[in-house]
Engineer: 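Please read through the structure below; I'll follow up with questions.
Just so you know, ligand 1 is whichever comes first in the structure, and atom 1 is the first atom listed for that ligand.
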Amino acid sequence: MKFFVVFAVIFVGVWLWRNNRKEMLQSRNDEMMQAKTRTAPKQQMVSCAHCGVHLPQSEALPSPDGLGGAPWFCSAEHRKLGALKS
Ligand SMILES: [Zn+2]
């Protein structure tokens, strides 16, 4: 009879531990998904007017006319070349 009690206590302990672990993993997964969506905000992609490579607008250089908009360029060199072309 004593063994049954010990066995039951161990069984309940393991069951509780597994339940806790499952919840912990689930909440950690949720946090990771939230972090993923938080660290990857939507970025406007633009293409370089000279070579056509796509890059985030935050990394692109605006046109040299000072308007701060399209056309966009991937580098200072391409901006110079794009300005010469037009
Ligand atoms: Zn380019």
Engineer: Grab the two heavy atoms, one from Arg79 and one from Ser63, that are nearest each other, plus how far apart they are.
Structural biologist: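 Arg79 and Ser63 have their closest heavy atoms at CD-C, 4.3 Å.
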Engineer: So which heavy atom on Ser58 is nearest to which on Gln43, and how close?
Structural biologist: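 Smallest interatomic distance, heavy atoms only, reads OG-NE2, 3.7 Å.
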Engineer: Protein N, O or S atoms less than 2.8 Å from the Zn ion (ligand 1), ignoring waters?
Structural biologist: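 Atoms qualifying: Cys48 SG, Cys51 SG, Cys74 SG, His78 ND1.
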Engineer: If we only count heavy atoms from C-beta on, is the Ser47 to Trp72 side-chain gap below 4.5 Å?
Structural biologist: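 A side-chain contact is absent here, since even the closest heavy-atom pair is not under 4.5 Å.
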Engineer: Hydrophobic clusters join Ile, Leu, Val, Met, Phe, Trp and Tyr when side-chain heavy atoms are under 4.5 Å apart, directly or via other members; which others share one with Ile10?
Structural biologist: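 Val6, Val14, all in the cluster of Ile10.
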Engineer: How far apart are the closest heavy atoms of His78 and His50, and which atoms are they?
Structural biologist: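 Closest approach of His78 to His50: CD2-CD2, 3.5 Å.
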Engineer: Cys74 and Val53: which non-hydrogen atoms are nearest, and at how many Å?
Structural biologist: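 Result for this residue pair: CB-CG1, 3.6 Å.
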